[in-house]
**Student:** 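Input: one structure, supplied below.
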Amino acid sequence: MRIAIVGFPLSGKTTLFTAITGVPHDHLHAAEENLAAIKVPEPRLDLLFEIFKPKRRVEATTDFVDLPGSAEGDVERAGLTKHLPTLRQSDALVLLLRGFESASVPMHQGRVDPQSDLTQLRDEMLLADLEICATRIAKLEKAIAKPTKDRDQQKHELALLQRCSAALEDERPLSDLVQPGDEEKLARSFGFLTQKPVVTVINVGEADIGKEPPFRDRNAAVTYAVCAALEAELLQMEPAERREFMDDWGVQALVRDRLVRACFNALGMICFMTGGGKDEVRAWAIPKNSTALVAAGKIHTDMARGFIRAETVAYEDLRAAGTFREAKAAGKVRQEPKSYVVQDGDVITFKFNV
Ligand SMILES: Nc1nc2c(ncn2[C@@H]2O[C@H](COP(=O)(O)OP(=O)(O)OP(=O)(O)O)[C@@H](O)[C@H]2O)c(=O)[nH]1
Ligand SMILES: [Mg+2]
């Protein structure tokens, strides 16, 4: 999974990247893409760690990308155009809007106006998608004029792209239009930006820390108001000191924890956990509605190939029982087949034979 941070120059993208990944700002490249893998917070592993007493705990991870800034400090450069290939390959986008005033940080278009930055970014996303549609539609129309064996498939694709194009011209994002299933997959192969889940972050100044966002992006899964500079500092502190600062500033949870989980949810991902072995308890990310066979394959192809059954207990049942043995005695441990649809928080031991 890959999540890209997008915003106008000097909106605080690299600072937010630091606040999420913990990689210090001065270790990062201003003019190149920065990439880091980070853990998806999974507090439910705490209890599993207590119950199974393994050597280690392992969270699922996701990649974050910080797009390069303009080395020359060109604050008028467009937001997205230079970065389209990276953005198209990302699974979700974080739109970062500058909401902080600072005499020492030049302002995009000479003003701090997160609402109008959002409108501009959204317009750029619509335009970038429209361009993809136009190019592909022109190609398909030519191809369809000749009789080929792919013609039916091409007609189907053309109809979808024409619908997408009409929606975009109407300023509607494709996330509203495309139906889940085959159509979504086909549309996704084009890397449309307005089809991707978005979390919007307003990078506010000190005076607005701990307050509700001044507005919400109605096309985003969630809108947060955070102070990226403070959050980056918080991440470098010892837990006790951090708690104290967070209380002083009225920051309830770190942006790292809130944002990663929000992107994860917006992407329709869930976690199941394993803990049966001695070595580790571990969280695994899979798309919602995945079967036990898919979940097994996520761990190892052998597990899927030799799948016998999935010994499954819901996290809440395990918590209520207190131990795995008690959960079993209470009849809460189920023997599930390949076709079982894995639920968020399932604790699974796969039985397999190769
Ligand atoms: N006061 C204040 N300054 C901030 C905040 N976030 C970032 N800055 C400052 O703004 C400047 C730009 O921050 P960056 O994180 O480098 O911004 P960027 O979007 O990565 O910039 P480019 O990559 O060049 O487009 C730096 O001097 C930061 O210290 C904030 O929340 N408050
Ligand atoms: Mg930067």
Side-chain angles (χ1 to χ4, degrees), residues 2-36 38 63-87 90 93-118 120-121 124-125 198-215 217 223-237 242 245-246 248-256 258-259:
R2 196 154 99 154
I3 302 167
I5 305 173
V6 190
F8 284 109
L10 302 177
S11 50
K13 299 180 297 295
T14 304
T15 309
L16 182 68
F17 183 82
T18 295
I20 292 168
T21 62
V23 183
H25 200 305
D26 52 7
H27 289 203
L28 297 171
H29 307 282
E32 286 166 40
E33 236 170 65
N34 293 299
L35 181 79
I38 78 148
D63 286 339
F64 262 87
V65 191
D66 169 40
L67 299 168
S70 59
E72 310 80 37
D74 170 13
V75 287
E76 302 312 332
R77 182 174 50 79
L80 307 181
T81 28
K82 260 191 173 169
H83 309 300
L84 288 175
T86 302
L87 297 178
S90 299
L93 306 176
V94 172
L95 296 191
L96 182 65
L97 310 171
R98 175 165 170 180
F100 68 90
E101 303 274 351
S102 165
S104 59
V105 183
M107 291 171 291
H108 169 66
Q109 295 176 346
R111 45 100 186 111
V112 172
D113 185 347
Q115 182 108 58
S116 105
D117 284 354
L118 175 63
Q120 285 187 41
L121 284 175
E124 282 192 37
M125 288 166 70
V198 166
V199 171
T200 294
V201 175
I202 308 168
N203 188 8
V204 295
E206 283 185 11
D208 294 319
I209 293 171
K211 288 191 194 157
E212 287 292 304
F215 60 89
D217 176 359
T223 304
Y224 293 124
V226 305
C227 173
L230 173 71
E231 296 267 356
E233 272 178 50
L234 287 172
L235 211 59
Q236 308 297 328
M237 295 178 185
R242 179 191 298 163
F245 267 80
M246 285 171 73
D248 284 352
W249 285 102
V251 176
Q252 274 165 13
L254 290 177
V255 69
R256 178 191 60 179
R258 293 196 287 167
L259 190 93

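All values derive from a computational prediction rather than experimental measurement. Counting starts at 1 for both ligands and their atoms, following the listed order.
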**Student:** What do the steps show when you test Val6 against Met125 for side chain to side chain contact (heavy atoms under 4.5 Å, CB included), and what is the final call?
**Tutor:** CA-CA 11 Å; Val6 190; Met125 288 166 70; over 6 Å; no
**Student:** Could you name the option among Asn34, Thr15, Leu10, Asn203 that has the heavy atom nearest to atom 31 (O) of ligand 1?
**Tutor:** Asn203
**Student:** I would like to know whether Asp217 and Thr223 meet side chain to side chain donor-acceptor pair (under 3.5 Å); could you show each step before the answer?
**Tutor:** CA-CA 6 Å; Asp217 176 359; Thr223 304; 5.5 Å; no
**Student:** Please confirm whether Ser11 comes under 4.0 Å of ligand 1, counting heavy atoms of the residue only.
**Tutor:** yes
**Student:** Can you name the atoms of ligand 1, numbered from 1 with element, that are less than 4.0 Å from a heavy atom of Pro9?
**Tutor:** 25 (O)
**Student:** His25 heavy atoms, cut-off 4.0 Å: which ligand 1 atoms fall inside?
**Tutor:** 14 (P), 15 (O), 16 (O)
**Student:** Which atoms from ligand 1 have a heavy atom of Ala228 less than 4.0 Å away?
**Tutor:** 31 (O)
**Student:** Closest approach of Pro213 and Tyr224, non-hydrogen atoms and distance?
**Tutor:** CG-C, 4.3 Å
**Student:** Strictly under 4.0 Å, does any heavy atom of Arg98 approach an atom of ligand 1?
**Tutor:** no
**Student:** Which of the listed options, Leu96, Thr14, Leu67, Val105, holds the heavy atom that is closest to atom 9 (C) of ligand 1?
**Tutor:** Val105
**Student:** For ligand 1, which atoms have a heavy atom of Cys227 less than 4.0 angstrom away?
**Tutor:** 31 (O)
**Student:** For Lys13 and Pro68, indicate whether the former's side chain and the latter's backbone hold a donor-acceptor pair under 3.5 Å.
**Tutor:** no
**Student:** Could you tell me which non-hydrogen atom of Pro114 sits nearest to which non-hydrogen atom of Leu97, and how far apart they are?
**Tutor:** O-CD1, 3.7 Å
**Student:** If only atom types and distance count, is the side chain of Asn203 paired as donor or acceptor with the main-chain N or O of Ala228 below 3.5 Å?
**Tutor:** yes
**Student:** Locate the shortest heavy-atom distance separating Phe100 from Val204; write the atom from each residue and the value.
**Tutor:** CB-C, 3.8 Å
**Student:** Give the atom numbers and elements of ligand 1 that come within less than 4.0 Å of a heavy atom of Gly12.
**Tutor:** 7 (C), 13 (O), 14 (P), 15 (O), 17 (O), 18 (P), 19 (O)
**Student:** Does the pair Leu234 and Trp249 meet the rule for a side chain to side chain contact (heavy atoms under 4.5 Å, CB included), with working shown?
**Tutor:** CA-CA 11 Å; Leu234 287 172; Trp249 285 102; 5.6 Å; no
**Student:** Quick check on the Mg ion (ligand 2): does Thr14 put an N/O/S atom closer than 2.8 Å to it?
**Tutor:** yes
**Student:** Please state which part of Glu206 comes within less than 4.0 Å of ligand 1, counting heavy atoms only: side chain, backbone, both or neither.
**Tutor:** neither
**Student:** Below 4.0 angstrom from a heavy atom of Ala229, which ligand 1 atoms are there? Numbered from 1 as shown, please.
**Tutor:** 5 (C), 30 (C), 31 (O), 32 (N)
**Student:** Looking at Asp66 and Asn34, would you say the former's side chain and the latter's main chain have a donor-acceptor pair under 3.5 Å?
**Tutor:** no
**Student:** Quick check on Gly7 - does any of its heavy atoms sit under 4.0 Å from an atom of ligand 1?
**Tutor:** no
